[in-house]
Amino acid sequence: MPEADQEGKRYQAETPQAAPGFFLKGCHQLDWGMKNRLARTFNPASGRTVMLAIDHGYFQGPTTGLERIDLSIVPLLPHCDALFCTRGILRSTIPADSQKPMVLRASGGPSILRDELSDEQIAMDMDDAVRLNAAGVGIQVFIGGEHETRSIHNMTKLVDAGLRAGMPVMGVTAVGKAMTRNAQYFRLACRMIAELGAQYVKTYYVEEGFETVTASCPVPIVMAGGKKLPELEALTMASNAVQQGAAGVDMGRNIFQSDAPKAMIAAVAAVVHQNMKPKDAFELFRSLKAKG
Ligand code: 5RP
């Protein structure tokens, strides 16, 4: 067994990583097509994104709020910066005249009926992502999970295909039921995903030490939403994440399971792009909700 080094401590989270010539950290030396797709996904003015995640059906079927994507999600499209969805939903339900950047879920396998969700494979050819004019692809990586090595290998194969096509890969830190969600775990998972080639990372917010997760990850991080929370809590979490170095959010249930999804996505966008304080964003949510 090789001796493992101790994790470092010098994160210097207050000093942003330089990215000369491009607005996203760690992306300034990528090729033109890759940068162009990233600049469609992330708003160059704020350097951040509000991605709406609606890929849940790939393993759990018609999730609450996603029973009818044509009715619940298509009206939200003008209000997000990008959509994270499966190619099945894209082809069947998302109008092809939409100008929104589409980031496509590229892994799959086990359903919610199985205990072990880490048993995934690549579930889409890069050719198809290009054919669909995708702005990126996303894949789950199960660090510490039963199928850790395969999920890493899935991602590195996708990264190789993405580099050939100019397609950014978003590596998603999947957390198994038994895994501890703390900064130490997410530092490890996010850094591994970046070192193994993903152009950006989706991960969960943690109350303590999230700035060390973003500081030690050399590419942008977008915050995953997780389970539905009361709106003020979700806005506070999104605000904390961007103030602590995240380049935006990729949120699903906290938007589409809100009883006013359009108001909620507008409030999230205010927090992400305008640094609005969570309480003000909550007031914005309430007033937009009242207006219907
Ligand atoms: C898991 C995923 C999900 O499929 C989805 O995107 C999660 O979104 P949310 O937790 O915000 O509802 O990528 O990591």
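Both ligands and their constituent atoms are indexed starting at 1 by order of listing.
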Q: Tell me whether the count of non-hydrogen atoms from other residues, nucleotides or ligands lying under 6.0 Å of CZ in Arg286 goes above 12.
A: no

Q: Which pairs, with at least one residue in residues 129-140 and sequence neighbours excluded, count as a side chain to side chain donor-acceptor pair (under 3.5 Å)?
A: Arg105-Gln140, Asp128-Arg131

Q: With a heavy-atom distance limit of 4.0 Å, tell me whether Met251 approaches ligand 1 through its side chain, its backbone, both, or neither.
A: backbone

Q: For ligand 1, which atoms sit closer than 4.0 Å to a heavy atom of Val172?
A: 13 (O), 14 (O)

Q: How far apart are the closest heavy atoms of Val50 and Ala269, and which atoms are they?
A: CG2-CA, 3.8 Å

Q: Sort out for me which residue in Glu195, Glu211, Glu7 forms a salt bridge (Lys or Arg N to Asp or Glu O under 4.0 Å) with Arg187.
A: Glu7

Q: What part of Tyr204, side chain from CB on, backbone N/CA/C/O, both or neither, has a heavy atom under 4.0 Å from ligand 1?
A: side chain

Q: Answer yes or no for Gly226: is there a heavy-atom contact with ligand 1 below 4.0 Å?
A: yes

Q: Does an N or O from Phe84, backbone or side chain, lie closer than 3.5 Å to an N or O of ligand 1?
A: no

Q: Where the closest heavy atom to atom 1 (C) of ligand 1 is concerned, which of Gln257, Gln60, Met51, Gln140 has it?
A: Gln140

Q: For residues Asp81 and His273, report the shortest heavy-atom separation together with the two atoms involved.
A: OD2-NE2, 2.7 Å

Q: So is Lys202 in contact with ligand 1, going by heavy-atom distances below 4.0 Å?
A: yes

Q: Would you tell me which option among Lys227, Arg253, His56 has the nearest heavy-atom contact to atom 8 (O) of ligand 1?
A: His56

Q: Please state which protein non-hydrogen atom is closest to atom 11 (O) of ligand 1 and give its distance, to 0.1 Å?
A: Gly252 N, 2.8 Å

Q: Would you call the rings of Tyr204 and Phe186 parallel, tilted or perpendicular, where under 30° means parallel and over 60° means perpendicular?
A: tilted

Q: Just to confirm my output: which protein heavy-atom neighbour is closest to atom 4 (O) of ligand 1, and how far is it?
A: Asp55 OD2, 2.7 Å

Q: Need the ligand 1 atom indices (1-based, order shown) with element for anything under 4.0 Å from a heavy-atom of Ala53.
A: 6 (O), 8 (O)

Q: Using a 4.0 Å cutoff against the non-hydrogen atoms of Arg105, which atoms of ligand 1 qualify?
A: 2 (C), 4 (O), 13 (O)

Q: Ring pair (Phe, Tyr, Trp, His ring centres under 6.0 Å): which pairs involve residues 18-49, sequence neighbours left out?
A: Phe42-Tyr200

Q: Got a donor-acceptor contact below 3.5 angstrom from the Asp31 side chain to the Gly33 backbone?
A: no

